[in-house]
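Single-structure report; data block below.
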Amino acid sequence: MRSLSAWAPEGIPEVRSGADLAALIIGALRIAGIPPADGDVLVVAQKVVSKAEGSVRDLAEVAAGDDAQRLARLSGKDARLVQVILDESRAILRVRPGLVIAEHRLGYVCANAGVDHSNVGLGESWVCLLPQDPDASAAAIRRAVGDAFGVDAAVVINDSHGRPFREGTVGVAIGSAGLEPLLSFIGQVDRSGYTLRASVEAVADELAAAASLLQGQAAEGTPLVVIRGARYDAGTSPSARLLRVAEKDMFR
């Protein structure tokens with residue numbers, strides 16, 4: 001019998017710019033009595049990573065340019081917010097009232113280039129951006145947790161993204177360390193003797209989505225989830241392996 005266990009320790013306080021997030025995570029694990037083990041995966045919500053690293057902006061200090069003003073009229077959004085979205089984007093892919101779909105500077109295709117008002121905690125004019133380098137952020141947390149507990153655990157940084165052909169958001173991995181984000185079954189034989197030719201599992205995304213069920217979306221205050229029993233390959237590939245290059249994207 002196979003099993004998967006997940007815990008969301010409480011006790012991580014409101015995270016501010018400059019906070020030692022790894023120390024807060026280690027403290028929460030110790031207080032909760034959940035020391036990580038070899039092979040565990042720690043999933044950390046993007047919002048606390050961004051806030052600790054200072055990836056936030058005050059719209060009161062943003063001047064909207066001509067492009068932002070134009071897109072604001074099309075989308076009905078605050079022009080200052082649109083300017084921040086443009087600053088974070090490689091390209092704007094779709095615009096309609098209430099929605100801007102952008103290709104983020106790191107390659108993610110998502111609403112508002114990941115710029116978000118929720119759970120910033122600094123006032124209504126503040127927004128949170130995605131981390132500058134989520135893989136580096138994950139690696140730093142992994143090193144600190146490994147040093148503190150003497151274990152080899154992986155780390156995933158997750159965020160909530162929508163999907164083009166399904167309603168609702170799901171957790172996805174935007175950063176990782178210590179695991180291969182993709183798990184290939186190509187060449188393996190199924191129960192009927194068929195050799196698999198195209199089966200590749202986005203294991204980092206699946207871990208991110210599982211953690212989102214415990215993290216929540218509103219006032220839960222549980223940005224950290226420990227997952228035990230997950231199947232993954234240890235490795236050092238960047239999380240960008242999860243992104244489909246434009247040449248293979250049939251919808252762009």
Side-chain angles (χ1 to χ4, degrees), residues 12 14-26 41-65 68 80-93 100-123 125-146 154-161 169 171-179 181 204-205 207-208 211-212 215 223-224 235-246:
I12 294 180
E14 182 67 29
V15 175
R16 301 294 188 192
S17 179
D20 186 340
L21 181 59
L24 295 178
I25 288 171
I26 292 165
V41 181
L42 277 62
V43 183
V44 184
Q46 162 268 323
K47 191 64 60 69
V48 294
V49 176
S50 293
K51 289 162 68 173
E53 295 177 353
S55 289
V56 294
R57 289 189 70 179
D58 184 357
L59 296 184
E61 299 178 356
V62 175
R80 301 169 302 171
L81 173 63
V82 176
Q83 183 61 58
V84 177
I85 293 170
L86 288 172
D87 293 343
E88 288 291 291
S89 300
R90 290 179 182 171
I92 301 299
L93 304 181
V100 176
I101 300 297
E103 181 180 1
H104 184 267
R105 56 182 170 75
L106 294 177
Y108 320 120
V109 174
C110 55
N112 299 334
V115 180
D116 187 11
H117 272 288
S118 67
N119 281 313
V120 182
L122 296 171
S125 67
W126 286 81
V127 292
C128 192
L129 320 179
L130 298 186
Q132 289 295 309
D133 187 342
D135 283 352
S137 303
I141 294 170
R142 180 172 183 257
R143 285 192 299 270
V145 170
V155 173
V156 168
I157 295 173
N158 69 337
D159 191 17
S160 296
H161 284 191
T169 62
V172 300
I174 65 166
S176 63
L179 58 75
D205 279 344
L207 291 163
S212 287
Q215 289 168 328
L224 170 66
T236 59
S237 294
S239 62
R241 286 197 64 202
L242 292 161
L243 302 177
R244 181 168 290 153
V245 297

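For clarity, every value in this text was computed on a predicted model and none was experimentally measured. Residue numbers start at 1 and run along the sequence shown.
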Checking [X] side chain against [Y] main chain: does a donor-acceptor pair fall under 3.5 Å?
X	Y	value
Asn112	Ile85	no
Lys47	Ser118	yes
Asp205	Ala173	yes
Arg142	Leu42	no
Asn158	Val172	no
Arg105	Gln132	yes

Residues that Arg143 engages under salt bridge (charged side-chain N to carboxylate O under 4.0 Å, His left out), provided they are two or more places apart: none
Listed partners of Arg244 passing salt bridge (charged side-chain N to carboxylate O under 4.0 Å, His left out), at least two apart: none
side-chain hydrogen bond (donor to acceptor under 3.5 Å, both in side chains) partners for Ser160, two or more places apart: Gln217
Criterion side-chain contact (heavy atoms from CB on, under 4.5 Å) on Ser17 and Val56, from CA distance to verdict: CA-CA 9 Å; Ser17 179; Val56 294; 5.6 Å; no
Rounded to the nearest 0.5 Å, what separation is found between the [atom1] atom of [X] and the [atom2] atom of [Y]?
X	Y	atom1	atom2	value
Leu59	Ser125	CG	OG	6.0 Å
His117	Leu81	NE2	CG	5.0 Å
Ile141	Leu21	CD1	CG	4.5 Å
Arg241	Ser176	CZ	OG	10.0 Å
Asn119	Ser50	CG	OG	12.5 Å
Ile12	Ile25	CD1	CD1	5.5 Å

Side chains of [X] and [Y], heavy atoms from C-beta outward: is any pair under 4.5 Å?
X	Y	answer
Leu130	Leu106	no
Cys110	Ile101	no
Val109	His161	no

Can you see which heavy atom on [X] is nearest to which on [Y], and at what distance?
X	Y	value
Ala208	Val43	CA-CG1, 4.3 Å
Leu129	Glu88	CD1-OE2, 3.7 Å
Arg57	Val62	NH2-CG2, 3.6 Å
Ala177	Ala138	CB-C, 3.7 Å
Gln83	Ala68	OE1-CB, 3.4 Å
Pro181	Ser237	CD-O, 3.9 Å

Residues forming a ring pair (Phe, Tyr, Trp, His ring centres under 6.0 Å) with His104, sequence neighbours excluded: Tyr108
Asp116 vs Gln46, side-chain hydrogen bond (donor to acceptor under 3.5 Å, both in side chains): CA-CA, chis, key distance, verdict: CA-CA 11 Å; Asp116 187 11; Gln46 162 268 323; over 6 Å; no
Stepwise side-chain contact (heavy atoms from CB on, under 4.5 Å) check, Leu24 with Val15: CA-CA 9 Å; Leu24 295 178; Val15 175; 4.1 Å; yes
Partner set under side chain to side chain contact (heavy atoms under 4.5 Å, CB included) for Arg90, not counting sequence neighbours: Glu103
With Thr236 via side chain to side chain contact (heavy atoms under 4.5 Å, CB included) - residues at least two apart: none
side-chain contact (heavy atoms from CB on, under 4.5 Å) evaluation trace for Cys128 with Val115: CA-CA 6 Å; Cys128 192; Val115 180; over 6 Å; no
Verdict with supporting geometry, Leu179 and Val156, side-chain contact (heavy atoms from CB on, under 4.5 Å): CA-CA 9 Å; Leu179 58 75; Val156 168; 3.9 Å; yes
